[in-house]
Amino acid sequence: MEHEEYRENPVDDLKERVLELAKRRGFLWPSYEIYGGVAGLWDYGPLGTLLKQKVENAWREIFVVGEGALPIDTPTISVEEVFLASGHLSNFVDLIVECVDCHHTLRADHVVNEYLRGRGMAADLCEPDIAEVCVPSREKTQELIDFYGIACPDCGGPLGKVHDFNLMFATHIGPGTQRKGYLRPETAQGIFSDFPKLLRFFRDRLPFGVAQIGKSFRNEISPRQGVIRLREFTQAEIEVFVNPDKKSIHPRFDEVADVEIAILSKDFVGRATVKAACDRGIIAHQYLAYYVARSQEFFLRVGVHESQLRFRQHLPDEMAHYAVDCWDAEGLTQHGWIELAGIADRTDYDLKQHERQSGLQMTVFVPYAKPKAVERTVVRPKMNFLGPKYKNKAKQVADYLATISDPSGPFIFEGQEIDPLGYVIETTTQSVLGDFITPHVIEPSFGIDRTVYTILEHAYDEDTIDGERRIVLRLPHSLAPVEVAVFPLVKALNEKAVEVFQLLRREGFLVEYDESGTIGRRYRRQDEIGTPCAVTVDHETLENGTVTVRDRDTTKQVRRSIASLAVTLREMLMGGFAMSPS
RNA sequence: GCGGUAGUGGUGUAGAGGCAGCACAAAGGCUUCCCAAGCCUUUAACCCGGGUUCGAGUCCCGGCUACCGCACCA
């Protein structure tokens, strides 16, 4: 998909202007700036924090309230076992080698594979690990570099030692014989770790969804692009546990079937309904398609422009080590198309891995519609024979017999054939009620910080009013960090205006009061931060108890009584209010 | 990590060895006013650390941060 015309009202240097506004008005600040700042760490200022909270609330409304994905809150510090299981310890690593001469840092495994391929050899650096995932080993990479004397592909200089760079922050838990800990690189593992308890909580039935909003950490080698690539960032994730045999049908698919999305995949580029995308096999199954549609609903609600939102299918080689199909929601910004969310089918990878690591069963009992009759042949010990014969070893013999699945015999215990009088071979018909299955996981995972940034960029606008440039942040009304501004037209009206201000606070609005300077300046100040409503107390207020209410986007005003003000404002914030004169 | 460019009040900038200027913003006042008007007053800056020099915002070295390119980004 080409980068289409970006906005109706193109603004030069949009990136700089948005960031300038964000820093100046308290949305985003570089962290620890008094000490020089740190790349990849950013603060939310007061307005940014309110905006972010409202974005998170919109997400909760759709996914927690609307989808019933109940939230949990797990620690950001996790124990080592979690990442042994998840594969992050071995996979969330880049093998890095530095050229001694030109100091380029290179991906060591890429260098080796390229070298081997260039000489017609199989590039076989990958070794399947415990999870059957291809991971190049540091030792083997080093070995091959040494053996072939592989040099820097850029300058031909000698290469240094290969070392791991794990993108997780490591730490220690407690003093003394410390337990290794890591800051989580995704919130998902906290959910997987709680699976047995969650399953019981949801009363042993599929499907169910679990949500978590929280911080995750990745020690990026070189974060760039401001707030787009952070070392500490907020994720909003849902893990939907589903029966793998039922992924093709989502019970509420009808609700979203006609939602149209922009698709970029290897087989199809263009707009289509999620139903069409599903029916034509572009999206693997209804569960993924369903969450793609819900994700779009979320992004549109928080003010991402529809024409600058698309869903891109991962190519097989960029898919995470655990996923089989993955769709990124991407927003078009001045940084190009950036990933705002990933909607992945993680299959049973994580639960299987935690099963192996923890030794606990992570399965769900799924009853059949009708119990199945299954014929089974078993070897049943006869204790009244075995007892007298084997005395204190009788129990061991019986246990051994009970494990036998092939009833053809003979059965040997301690080198001796067991007397056939000691058991009977029985064929019985058993009624099997169901299967133990490992659920598959559908994971919509949202990057909240990137979403907030994209919202700011998409909302940023400049108007020209009477030849003056006016910056307006056209945020969705419900998202504005300041909902209502209250002004006295002149200072003599301060007291009355403060009264209105306090009244609106009591009504639950986020209100700002401003009596400084001229009225026009105060309107502009609020336009910049996206305040949708401005209430002005003027001379008429004292006569008849009415005030003017100004709309941010049109700058049009209507007059309303103070008594009906809260209702009017609430309507405006919900977006359902027509600014018709009254 | 590499290379290039840059870092001066809150923001945008000028100054290129000798008292750090301007504009906008912000605070207070006049104006009593419905869209950044005007006037007065005020607050406020040389990224950090070394070095050279009588003297460094300016020159040199190192670091940090930002932007661009490379590399990286399950």
Side-chain angles (χ1 to χ4, degrees), chain A residues 13 15-17 19-26 29-41 83 86-99 101-107 110-111 133-135 152-155 160 165-168 185-186 188 218-226 228-231 314 317-323 326 335 338-339 342 344 346 349 445 463 465-471 487-494 516-528 534-540 547-550 552 554-557 559:
Chain A
D13 307 323
K15 206 194 304 182
E16 287 75 18
R17 292 192 195 198
L19 206 57
E20 189 271 317
L21 176 69
K23 287 201 274 194
R24 187 161 49 79
R25 296 307 308 270
W29 291 328
S31 298
Y32 310 114
E33 215 177 6
I34 60 167
Y35 298 113
V38 183
L41 297 180
F83 304 115
S86 72
H88 283 92
L89 266 173
S90 49
N91 287 327
F92 200 53
V93 169
D94 289 336
L95 291 180
I96 284 178
V97 67
E98 194 180 331
C99 169
D101 284 351
C102 69
H103 298 291
H104 280 183
T105 301
L106 303 152
R107 278 287 294 271
H110 291 183
V111 172
V133 171
C134 166
V135 187
C152 172
D154 294 343
C155 74
F165 186 78
N166 193 295
L167 268 23
M168 286 193 293
E186 58 173 10
R218 296 175 190 186
N219 200 359
E220 298 284 354
I221 295 170
S222 175
R224 288 279 177 87
Q225 305 175 298
I228 303 301
R229 247 173 95 201
L230 294 173
R231 288 188 164 124
H314 275 206
D317 66 344
E318 73 176 314
M319 212 113 62
H321 57 270
Y322 42 71
C326 184
H335 294 97
I338 60 170
E339 177 189 349
R346 296 181 71 136
Y349 173 81
S445 168
D463 257 3
I465 298 234
D466 301 330
E468 290 270 7
R469 199 186 66 156
R470 177 176 85 117
I471 296 175
F487 310 137
L489 185 61
V490 296
K491 294 235 154 92
L493 299 165
N494 287 2
S516 79
T518 61
I519 189 75
R521 181 183 293 271
R522 286 176 269 165
Y523 286 138
R524 298 296 165 88
R525 211 179 260 149
Q526 295 300 327
D527 290 337
E528 260 191 353
V535 171
T536 302
V537 171
D538 60 14
H539 302 294
E540 241 182 277
V547 292
T548 61
V549 181
R550 171 187 178 269
R552 173 195 73 197
T554 60
T555 78
K556 295 268 185 329
Q557 291 177 300
R559 189 162 275 281

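Letters A, B, ... mirror the listed sequences (proteins, then strands); counts begin at 1.
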What protein N or O atoms touch nucleotides 62-67 of chain B N or O atoms at under 3.5 angstrom, if any, and at what distances?
from: B/rC64; atom 1: O2'; to: A/G36; atom 2: O; distance (Å): 3.0
from: B/rU65; atom 1: OP1; to: A/A39; atom 2: N; distance (Å): 3.2
from: B/rU65; atom 1: O4'; to: A/G36; atom 2: O; distance (Å): 3.3
from: B/rC67; atom 1: OP1; to: A/G226; atom 2: N; distance (Å): 3.4

Protein and nucleotides 26-29 of chain B: nitrogen or oxygen contacts under 3.5 angstrom:
from: B/rA26; atom 1: OP1; to: A/R525; atom 2: NE; distance (Å): 2.8
from: B/rA26; atom 1: OP1; to: A/R525; atom 2: NH2; distance (Å): 2.3
from: B/rA26; atom 1: OP2; to: A/R521; atom 2: NH1; distance (Å): 2.6

Would you tabulate the nitrogen or oxygen pairs shorter than 3.5 Å linking the protein to nucleotides 5-13 of chain B?
from: B/rU11; atom 1: O2'; to: A/E20; atom 2: OE2; distance (Å): 3.0

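Residues forming a side chain to side chain donor-acceptor pair (under 3.5 Å) with A/R229 (at least two apart in sequence, or on another chain): A/E220. With sequence neighbours excluded, the residues that form a side chain to side chain contact (heavy atoms under 4.5 Å, CB included) with A/S31 are A/L41, A/D43. Listed by chain and number, the residues in a side chain to side chain contact (heavy atoms under 4.5 Å, CB included) with A/T518 are A/R521 (sequence neighbours excluded). Every salt bridge (charged side-chain N to carboxylate O under 4.0 Å, His left out) that A/R24 has, sequence neighbours left out, goes to A/E20, A/E528. For A/P185, the side chain to side chain contact (heavy atoms under 4.5 Å, CB included) test picks out A/F83, A/H88, A/F92, A/M168, A/R218, with sequence neighbours left out. Annotation: side chain to side chain donor-acceptor pair (under 3.5 Å) contacts of A/T555 (sequence neighbours excluded): none. Applying the salt bridge (charged side-chain N to carboxylate O under 4.0 Å, His left out) criterion to A/E339, with sequence neighbours excluded, gives no partner residue. By the side chain to side chain contact (heavy atoms under 4.5 Å, CB included) test, A/A188 is found to be paired with A/E186, A/F192, A/E237, A/E239, A/R346, A/E443, residues two or more places apart in sequence or in another chain being considered.
Residue A/Q557 holds its CD atom at 4.5 Å from OH of A/Y523, rounded to the nearest 0.5 Å. Between the NZ atom of A/K15 and the CG atom of A/L19 there is a distance of 9.5 Å, given to the nearest 0.5 Å. Distance check, rounded to the nearest 0.5 Å: CD of A/Q526 to CZ of A/R550 gives 9.0 Å.
The nearest heavy atom of RNA chain B to A/I471 and to A/E220 marks one nucleotide each, and the one closer to the 5' end goes with A/I471.
When the C1' atom of B/rC73 is taken as reference, atom NE2 of A/H314 falls 12 Å away, rounded to whole Å. Residue A/L230 contributes atom CG, which lies 13 Å from atom C1' of B/rC73 at whole-angstrom precision. Between A/D527 atom CG and B/rC34 atom C1' there is a gap of 13 Å when expressed in whole angstrom units.
The C1' atoms of B/rC47 and B/rG57 are separated by 12 Å, rounded to the nearest whole Å. Nucleotides B/rA27 and B/rG1 have their C1' atoms positioned 46 Å apart, rounded to a whole Å. Taking atom P in both B/rU58 and B/rG9, one finds a spacing of 14 Å when rounded to whole Å. Between B/rC61 and B/rU52, the distance separating the two C1' atoms is 11 Å to the nearest Å. Using atom C1' as the reference point in both B/rC30 and B/rC22, the two lie 25 Å apart (nearest Å). Nucleotides B/rG15 and B/rG50 place their P atoms 28 Å apart, quoted to the nearest Å. For the C1' atoms, the distance from B/rC73 to B/rC60 is 36 Å, rounded to whole Å. To the nearest whole angstrom, the two P atoms, one in B/rU8 and one in B/rC67, are 14 Å apart.
Exactly one residue among A/R552, A/R522, A/R470 makes a salt bridge (Lys or Arg N to Asp or Glu O under 4.0 Å) with A/D527. That residue is A/R470.
Across all strands, A/L489 comes closer than 4.0 Å to base atoms (heavy-atom distances). Note on A/E339: nothing from the nucleic acid sits closer than 4.0 angstrom, heavy atoms only. Among the heavy atoms of the strands, none lies under 4.0 Å from A/P30. Here A/D538 lies in heavy-atom contact (under 4.0 Å) with a base.
Nucleotide B/rG10 has B/rC24 as its partner under the Watson-Crick or G-U criteria, with both atom distances under 3.5 Å.
Picking from B/rA36, B/rA37, B/rC33 the nucleotide with the shortest atom distance to the side chain of A/T518 gives B/rA37.
Under 3.5 Å, the side chain of A/R550 and the base of B/rC35 form at least one donor-acceptor pair of N or O atoms.
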